[in-house]
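Heads up: the structure comes next, in structure tokens.
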Amino acid sequence: MNLICNVDELLRVKVAEALKVLYNVQVEPGSIVFGKTNPEFEGDFTFVVFPYLKVSKKSPEVTAGQIGDFLKANISEVENFNVVKGFLNLVVSGNYWIDYFYKIAGRRDYAYTPITESSPTVMVEYSSPNTNKPLHLGHIRNNLLGYSVTEILKANGNNVIKTNLVNDRGIHICKSMLAWQKWGNGETPESTLDDVCKKGDHLVGKYYVEFDKHLKKEIETKVKNNWEREDAAAKSELMLEAQEMLNRWEKGDKEVVALWNKMNDWVYSGFKETYSMLGVNFDKTYYESKTYLLGKELVEFGLNKVDAVSGEKVFFKKEDGSVRIDLTPEGLDEKVLLRSDGTSVYMTQDLGTAVERFKEFPKLKRLIYTVGNEQEYHFRVLFLILKKLGFKWAEDCFHLSYGMVELPDGKMKSREGTVVDADELIKLMVDTAREMTLALGKTEGLEKEEAEQLYKLIGLGALKYFILKVDPKKTMLFNPEESIDLHGNTGPLIQYTYARSRSILRNVISWDIENCTPSDLRQLGENMDKKSRELIRLLSEFPKIIRDAGKDYNPGLIANYVYELSKEFNQFYHDTPILKEKQSDLRNFRLSLTYKVAEVIKSGMLLLGIDVPEKM
RNA sequence: GAUCCCGUAGCUCAGCUGGAUAGAGCAGCUGCCUUCUAAGCAGCAGGUCAGGCGUUCGAAUCGCCUCGGGAUCACCA
């Protein structure tokens with residue numbers, strides 16, 4: 001737990017007390033909320049008294065005044081107050097803020113909940129790519145979101161297991177394999193003349209596209225020969241061949257499995273590179289080829305299990321042999337769990353892996369699936385079935401659903417080639433960062449290697465921040481030409497702010513972050529300037545921001561906060577001498593403040609998976 | 001047909017457990033580098049919070065309706 005009590009918590013208690021003493025009403029301190037004070041008025045917190053007029057039986061002004069008097073008389077932290085209509089603006093003393101600052105100054109972890117042996121274990125699944133094509137912009141959002149959420153959950157005192165469930169089998173992979181076999185002429189990442197395809201995932205993706213091209217051609221030919229379009233697709237020879245290949249794979253056909261291994265390995269080495277650029281990683285990787293048969297025994301279980309509510313069996317077998325569950329009482333539909341030929345569907349597999357996860361990690365307190373919002377229905381059904389099967393942990397499962405990334409001309413569609421390739425985009429961002437940095441002449445004194453590192457850090461910072469600052473739930477628009485901005489509300493601005501603050505600290509011989517006597521403190525507190533005060537107030541919000549971001553699974557809250565802090569710091573930097581301040585106590589304080597703000601900016605950025613440079 | 005999500009400045013987004021005159025950035029216009037990094041700071045301009053009705057002392061925020069956009073409801077994944 002956090003040992004440092006924020007003043008707003010104290011104020012809540014005291015306001016509740018005031019209401020009790022003055023108007024004899026019992027109010028939960030937790031139910032009292034403070035707003036931010038309008039910049040036009042003096043104050044750190046604002047208490048709105050309108051809701052309490054009924055009990056005070058007085059005008060808003062009088063009520064606010066009475067509560068203000070009470071607080072001022074009873075707590076030293078409240079230095080002053082002013083009343084505007086029904087708004088009670090409370091001014092917290094500079095002494096409190098300076099005191100608070102020096103309490104957190106030396107504590108790097110002041111906003112974090114420590115992870116101990118008794119911390120809850122949480123699993124976050126994210127990324128989960130198919131192995132038939134390279135990653136695109138949509139995957140980038142998934143990866144960044146998943147990674148950031150795990151970091152945020154760790155900051156909230158959770159033991160997080162990051163997992164990736166790779167979809168390495170199925171008809172889509174067979175399509176790439178078949179196309180390569182037919183038209184590949186033995187092309188490999190090593191032998192290829194196409195630069196892009198030297199990265200294995202792109203080579204495999206090329207044959208996926210190739211398959212689709214030939215398939216389309218075949219269908220068109222058939223349609224010309226008076227086939228029905230649907231028939232032409234379903235009975236296309238290519239599709240049948242791919243299907244046949246999948247069957248051979250499932251039977252363990254040596255030749256097919258060898259090809260499958262070879263091409264998947266190409267893809268993995270490609271993914272490895274992209275993941276490394278993105279800075280994401282996993283504690284555990286699952287492969288669908290190893291898990292796709294799970295869940296079949298659950299079907300049997302469900303056929304016998306009696307539903308606690310309806311008294312009926314949870315699953316039922318239809319006359320055609322398929323096994324289903326009827327979810328119409330819940331407002332959903334009937335869902336197939338086993339095809340009439342006895343093979344399982346995606347849902348069956350997901351049921352099986354969920355059960356497996358909780359068996360593997362009995363202490364699992366939460367299982368989070370980072371998957372796009374187009375699968376919301378799927379997860380609703382999945383969790384509902386688990387609940388009906390009697391698994392108590394079903395309610396610990398959570399679909400971290402995020403919105404699609406759209407392009408200026410609409411949604412990305414892999415088949416139509418309107419996707420933004422992940423590697424290409426990353427390169428574009430890094431190139432832009434390089435250009436910009438060179439144009440600003442900021443590479444002085446940097447080794448070539450260092451400079452390249454910096455471009456990468458800035459380019460990726462821009463990309464990651466751009467994507468993560470948006471509420472995950474929302475559909476977002478990405479314009480490759482225009483979204484690459486390095487000014488304003490962007491990652492590079494925050495990185496720049498950090499670099500600036502570090503630059504100051506580099507230029508100081510020494511200072512002591514906690515070297516202040518009580519009388520120094522009083523002196524500082526009484527004379528504190530507005531910007532310092534605002535910075536400390538912002539620092540005091542960091543713990544709550546981390547909590548809220550964890551509760552909502554929303555990195556955007558962190559992004560907005562870090563931006564606000566950076567902006568405030570830039571103003572402080574602009575109009576306050578820090579290093580050049582002559583009075584040593586004051587200089588010490590400002591240096592400490594600079595140090596602390598830099599530290600929090602860095603911490604916040606790391607929660608987003610973004611690195612910050614010492615110089616830029 | 002059913003369910004769910006979204007609609008805030010020209011553009012991209014905050015704000016949504018109801019509170020003061022709805023905020024940022026980009027784009028446009030104006031200033032500020034012999035002082036700690038100008039990827040910065042200060043300012044101007046830009047709004048029927050899709051529209052309507054309701055609840056409330058008070059609505060961008062809550063409820064209902066309409067319009068517009070998107071997603072889903074496979075023996076696909």
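Residue numbers begin at 1 in each chain, while the letters A, B, ... track the order of the sequences. In this text, all values refer to a predicted model and were calculated from it rather than measured experimentally. Any value given below was found using the heavy atoms of this structure, including those in side chains, with hydrogens, waters and symmetry copies removed.
Residue H378(A) has no polar side-chain atom (N or O) positioned under 4.0 Å from OP1 or OP2 of A77(B). Residue Q571(A) places at least one side-chain N or O under 4.0 Å from the OP1 or OP2 atom of A42(B). Contact annotation: R500(A) does not reach the phosphate of A39(B) (side-chain N/O to OP1 or OP2, under 4.0 Å). The phosphate of C57(B) has neither OP1 nor OP2 within less than 4.0 Å of any side-chain N or O from K54(A).
The pairing partner recorded for A2(B) is U72(B), the criterion being a Watson-Crick or G-U wobble arrangement whose two distances lie under 3.5 angstrom. Base pairing of U34(B): no nucleotide in any strand meets the Watson-Crick or G-U wobble criterion (both distances under 3.5 Å). Base-pair partner of A9(B): not found among the strands shown (Watson-Crick or G-U wobble, both distances under 3.5 Å). Pairing for G43(B) is with C29(B), a Watson-Crick or G-U wobble pair whose two hydrogen-bonding atom distances lie under 3.5 Å. Partner assigned to A20(B) is none, using Watson-Crick or G-U wobble distances below 3.5 angstrom. Here G63(B) sits opposite C53(B) as a Watson-Crick or G-U wobble pair (both hydrogen-bonding atom distances under 3.5 Å).
For T37(A) against A20(B), a side-chain-to-base donor-acceptor contact under 3.5 Å is absent. Scanning atom types as modelled, no donor and acceptor separated by under 3.5 angstrom connect the side chain of T490(A) and the base of A39(B). In terms of polar N and O atoms assigned as donor or acceptor, the side chain of N89(A) comes within less than 3.5 Å of the base of A20(B) in a complementary pairing. Checked by distance alone, K442(A) brings a side-chain donor or acceptor within 3.5 Å of a matching partner on the base of U37(B).
Taking the P atoms as reference points, A60(B) lies 9 Å from A22(B), given to the whole Å. Rounded to a whole angstrom, the distance from the C1' atom of G15(B) to that of C49(B) is 11 Å. Spacing of C1' atoms, A14(B) relative to U55(B), comes out at 27 Å, to the nearest Å. Nucleotides G69(B) and A74(B) have their P atoms positioned 24 Å apart, rounded to a whole Å. To the nearest whole angstrom, the two C1' atoms, one in C11(B) and one in G52(B), are 28 Å apart. Rounded to whole Å, the C1' atom of A9(B) lies 28 Å from the corresponding atom of C65(B). For the C1' atoms, the distance linking G40(B) with A24(B) amounts to 16 Å, nearest Å. With P as the reference atom, G43(B) and C26(B) are 14 Å apart, rounded to whole Å.
Side chains of N570(A) and R500(A): a donor-acceptor N/O pair is present below 3.5 angstrom, by distance only.
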**Request:** Step by step, work out the salt bridge (Lys or Arg N to Asp or Glu O under 4.0 Å) result for E534(A) and R537(A).
**Result:** CA-CA 5 Å; E534(A) 188 55 25; R537(A) 200 189 59 74; 2.8 Å; yes
**Message:** Under the criterion salt bridge (Lys or Arg N to Asp or Glu O under 4.0 Å), I'd like the reasoning laid out for K567(A) against E564(A): C-alpha separation, chi angles, the key distance, then a yes or no.
**Reply:** CA-CA 5 Å; K567(A) 220 170 98 121; E564(A) 203 184 333; over 6 Å; no
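Under the ring pair (Phe, Tyr, Trp, His ring centres under 6.0 Å) criterion, Y455(A) pairs with no residue, sequence neighbours left out.
Here S501(A) lies out of heavy-atom contact (under 4.0 Å) with every strand. When heavy atoms are screened at a 4.0 angstrom cut-off, R380(A) is found touching the sugar-phosphate backbone but no base atom. If you check every strand for non-hydrogen atoms under 4.0 Å, P51(A) touches a base.
With rounding to the nearest 0.5 Å, the separation of CG in L493(A) from CG in D485(A) is 10.5 Å. Expressed to the nearest 0.5 Å, how far CE of M404(A) lies from OG1 of T475(A) amounts to 7.5 Å.
Among U37(B), A39(B), C6(B), the nucleotide with an atom closest to any side-chain atom of H487(A) is A39(B). Minimum atom distance to the side chain of Y563(A) is reached by A24(B), of the listed C26(B), A24(B), U21(B). Considering only side-chain atoms of K469(A), the nucleotide from A20(B), C73(B), C13(B) that sits closest is C13(B). Candidate nucleotides C4(B), A39(B), C73(B) were compared by shortest atom distance to the side chain of I458(A), and A39(B) ranks first. With U37(B), A77(B), U12(B) as the candidates, the nucleotide lying closest to the side chain of Q375(A) is A77(B). Nearest to the side-chain atoms of V84(A) among the listed nucleotides C13(B), A20(B), C36(B) stands A20(B). Each of C36(B), A39(B), C4(B) was ranked by its minimum atom distance to the side chain of L493(A); first place goes to A39(B). Residue K567(A) places its side chain closer to A24(B) than to any other of G15(B), C36(B), A24(B).
Around atom CD of E334(A), more than 12 heavy atoms belonging to other residues, nucleotides or ligands sit under 6.0 Å away.
Regarding N560(A), its CG atom lies at a distance of 10 Å from the P atom of C16(B), rounded to whole Å. In this entry the distance linking CE of M476(A) with P of C11(B) reads 17 Å, nearest Å. A straight line from CZ of R169(A) to C1' of C76(B) spans 11 Å, rounded to a whole angstrom.
In this structure, F466(A) and F478(A) have perpendicular ring planes: the angle between them is above 60°, well past the 30° mark. Relative ring orientation between F398(A) and Y553(A) is described as parallel, the plane-to-plane angle staying below 30° on a 0-90° scale split at 30° and 60°.
Each of L486(A) and R339(A) lies near RNA chain B, and the nucleotide nearest L486(A) is the one positioned closer to the 5' end. Between Y377(A) and D471(A), the one whose closest nucleotide on RNA chain B sits nearer the 5' end is D471(A).
Remark: ring of Y346(A) not stacked against base of A74(B); the cut-offs of centroid gap under 5.5 Å and plane tilt under 30° are not jointly satisfied. Taking a centre distance below 5.5 Å and an interplanar angle below 30 degrees as the stacking criterion, Y496(A) does not stack against the six-membered base ring of G40(B). Residue ring and nucleobase are stacked for F87(A) and A20(B), with a centre distance beneath 5.5 angstrom and an angle between planes beneath 30°.
Against the 90° criterion about 0, the sugar-base torsion of C65(B) places it in the anti range.
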